[in-house]
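Have a look at the structure below before the remarks.
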Amino acid sequence: MLRTGAKRPNSSPNRTQSRLMTIVTRFAPSPTGFLHIGGARTALFNWLYSRRHSGVFRLRIEDTDRQRSTPAAIEAIIEGLQWLGLNWDDEIVYQFARAERHAEVAKHLLAQGRAYHCYASPEELEEMREQQRAAGKPIRYDGRWRDKPATDRRPNVPPVIRIKAPQTGETIIHDKVQGDVRFGNDVLDDFILLRSDGTPTYMLSVVVDDFDMGVTHIIRGDDHLTNAARQRQIIDAMGWPIPTYAHLPLMHGEDGQKLSKRHGALGIHEYKDLGYLPEAMRNYLLRLGWSHGDDEIITTEQAIAWFNLENIGRSPARVDFKKLDNVNGHYMRQASDEALADATLPLFKGNGGPDLRAKLIAAMPGLKERAKTLVELADGAQFLIAKRPLPIDDKAQKLLSPEGRSILARLIPIFEQTPWESAALDGAVRNFAEHNGLKLGAVAQPLRAALTGRSTSPGIFDVLVVLGKAESLGRLADQTKS
RNA sequence: GCGCCCUUCGUCUAUCGGUUAGGACUCAAGAUUUUCAAUCUUGCAAGAGGGGUUCGACUCCCCUAGGGCGCGCCA
């Protein structure tokens, strides 16, 4: 065993767990839609596990469903992974391109007597299931062609190839997350390996591809747990090594229901558009189902050093945008002003002129601790690019009362005489407030309203400095004239 | 229907038989403050229910309830 101290029972002598063998993980999405948050977490765990063990992380596109697979979805998945920083090794494997090899395995099994032809029509099988349902019996292929002699074959009907699975005994999946999961072989039926048109089914393709790609650890969604027992039949029939499994509990929406567009099953690119940082997404996703004591903020470097399969939880987790916001806020505050400016710049879509980046960087210390996402950051920075006369929101309007305006009017001549840097401006305003028997806030708030059009902003002296003397005085003048 | 999985504060989780059941998010209060944040402090809040096993169960076993997944010539 490579891992020691595993708390879940696992005594299987897998040779894939040999210390000498390079660990190979894979992420195998089917391109029938975008990469959603559950898939992203699966990819993350696979990536982390391979990086933790200096192994290999591979990407396989399961595009064998020709009806539903689209190039756009493939594109979205690739872009999503790239944005998340989950770089894969080697070339991408496209499953459909390997159909011949899959068929070859099915035929090999047939030749070995581990599989057989079945001529039952879809209609016939549907009728069979209907009867099983009506009789309250388990729904599964009844093996009607399992033992028929070759002479019984129907000449004008192309057959499917079905696995000849064991009918007694049990199949045990030693799962790193779920523990030992046992399936009576009587509940496993002779599923189809090769369709009547000669194309392989998913069940066959996965097993063959995982073997050919040298996958040692299969980390995937819980929905595949029962499939693992079926896939095991193919693995055994071929005499291939059994990979180590880790089936992750599925993720739920904020309301505990299945993930759907309403609550969290957004494409991963939409999280980007919402203004989340990839490193924050990684941290957040990691903590959904995996833990390291009480640690919450876990950098990617730490995650790579610490990640294991043993600490993956067994119960489903819900997405929680409040927590994501909080984690994202942490990473924003820790990010460099330059990096944040670069990440935020695109949100202005070219507005703001060539010196916007410099202004953003200058204002960033005050901006970044007031925002939880890049979108909020850009919003808070609107005053940097606003054109005079500024739009003034309701709360700011209230601050610009007659008294407020009068204060601004008296401030202008003072500012004209003041060196334009933070400490001097600070001194001048405090001095002014003191001489007029005003609290600092009574002066700062109207100033803020006139300068930013809002009632909240970064520190007012920083705003003054970032805006510059001419622009600042202009904005103040706009509010004192009318 | 059959099989499998899951169940600790509202949410994410710690706990590997003995703890005042801990942390984080959210929320509330306070401190700080030129606003809002950030930061710090404090508070609210949990072992689905029922049986066992044990000197002692959140932890081990069984049952029930609830939730999820699978049962395609889909993946």
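Computed from a predicted structure; not experimentally measured. We name chains A, B, ... by the order of the sequence lines, and we start the count at 1 in each one.
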Could you note down all residue pairs passing side chain to side chain donor-acceptor pair (under 3.5 Å) where residues 155-167 of chain A supplies at least one of them, sequence neighbours left out? none
For the side chain of A:Arg287, starting at C-beta, report the closest nucleotide among B:rG23, B:rC71, B:rA75. B:rG23
Determine, for nucleotides 30-50 of chain B in 5'-to-3' order, which nucleotides have protein heavy atoms under 4.0 Å from the base (write B), from only the sugar-phosphate (write S), or from neither (write -). ----BBBBSS-----------
Partner set under salt bridge (charged side-chain N to carboxylate O under 4.0 Å, His left out) for A:Glu100, not counting sequence neighbours: none
Under 4.0 Å, counting only non-hydrogen atoms across every strand here, what does A:Thr64 touch: a base, just sugar-phosphate, or nothing? sugar-phosphate
What side chain to side chain donor-acceptor pair (under 3.5 Å) pairs are there with at least one residue in residues 442-457 of chain A, not counting sequence neighbours? A:Asp379-A:Arg454, A:Gln445-A:Arg448, A:Arg448-A:Ser457
Tell me, please, which residues at least two apart from A:Ala103 pass side-chain contact (heavy atoms from CB on, under 4.5 Å). A:Lys107, A:Leu194
With sugar-phosphate meaning primed atoms plus P, OP1 and OP2, does A:Glu62 contact a base, only sugar-phosphate, or nothing at under 4.0 Å between heavy atoms? sugar-phosphate
Give me the distances for all protein-to-nucleotides 6-11 of chain B N/O pairs that come in under 3.5 Å?
none

Among B:rA75, B:rU26, B:rC5, which is the nearest nucleotide to the side chain of A:Lys322? B:rU26
Is any side-chain N of the basic residue among A:Asp236 and A:Arg232 closer than 4.0 Å to the acidic one's carboxylate O? yes
In whole Å, what separates the C1' atom of B:rA38 from that of B:rU33? 11 Å
Evaluate the ring planes of A:Phe321 and A:Tyr276, with Trp represented by its six-membered ring, and classify them as parallel (under 30°), tilted (30 to 60°) or perpendicular (over 60°). tilted
Can you sort out the partners of A:His117 under ring-ring contact (aromatic ring centres under 6.0 Å, His included), two or more places apart, ordered by chain and number? none
Which of residues 392-400 of chain A have a heavy atom under 4.0 Å from RNA chain B? none
Of the candidates B:rC4, B:rA75, B:rU26, the side chain of A:Tyr202 sits closest to B:rA75
Nearest-neighbour nucleotide for the A:Thr226 side chain, B:rC4, B:rG70, B:rG1 considered: B:rG70
Could a donor-acceptor pair under 3.5 angstrom be found where the side chain of A:Asp294 meets the base of B:rG22? yes
In chain order, what residues pass the salt bridge (charged side-chain N to carboxylate O under 4.0 Å, His left out) check against A:Glu104, with sequence neighbours excluded? A:Arg101
Using the test ring-ring contact (aromatic ring centres under 6.0 Å, His included), find all partners of A:Phe415 that sit at least two apart in sequence or belong to another chain. A:Trp420
Quick test of your reading: applying salt bridge (Lys or Arg N to Asp or Glu O under 4.0 Å), list the pairs with at least one residue in residues 426-437 of chain A, sequence neighbours left out, ordered by first then second residue. A:Asp426-A:Arg430
With a non-hydrogen cut-off below 4.0 angstrom, is A:Arg230 in contact with a base, only sugar-phosphate, or nothing? sugar-phosphate
Among B:rA75, B:rC4, B:rG68, the one nearest A:His252 by side-chain distance: B:rG68
Applied to residues 318-332 of chain A, the salt bridge (Lys or Arg N to Asp or Glu O under 4.0 Å) test, sequence neighbours excluded, yields A:Glu296-A:Lys323
What does A:Asn227 touch in the nucleic acid at a heavy-atom separation under 4.0 angstrom: a base, only the sugar-phosphate, or nothing? base
Take atom CG of A:Asn283 and atom C1' of B:rU13, then tell me their distance rounded to the nearest Å. 14 Å
Determine whether a donor-acceptor pair (one donor, one acceptor, N or O, separation below 3.5 Å) exists between the side chain of A:Thr201 and the base of B:rC73. no
Round to a whole Å and report the spacing from NZ of A:Lys137 to C1' of B:rC71. 16 Å
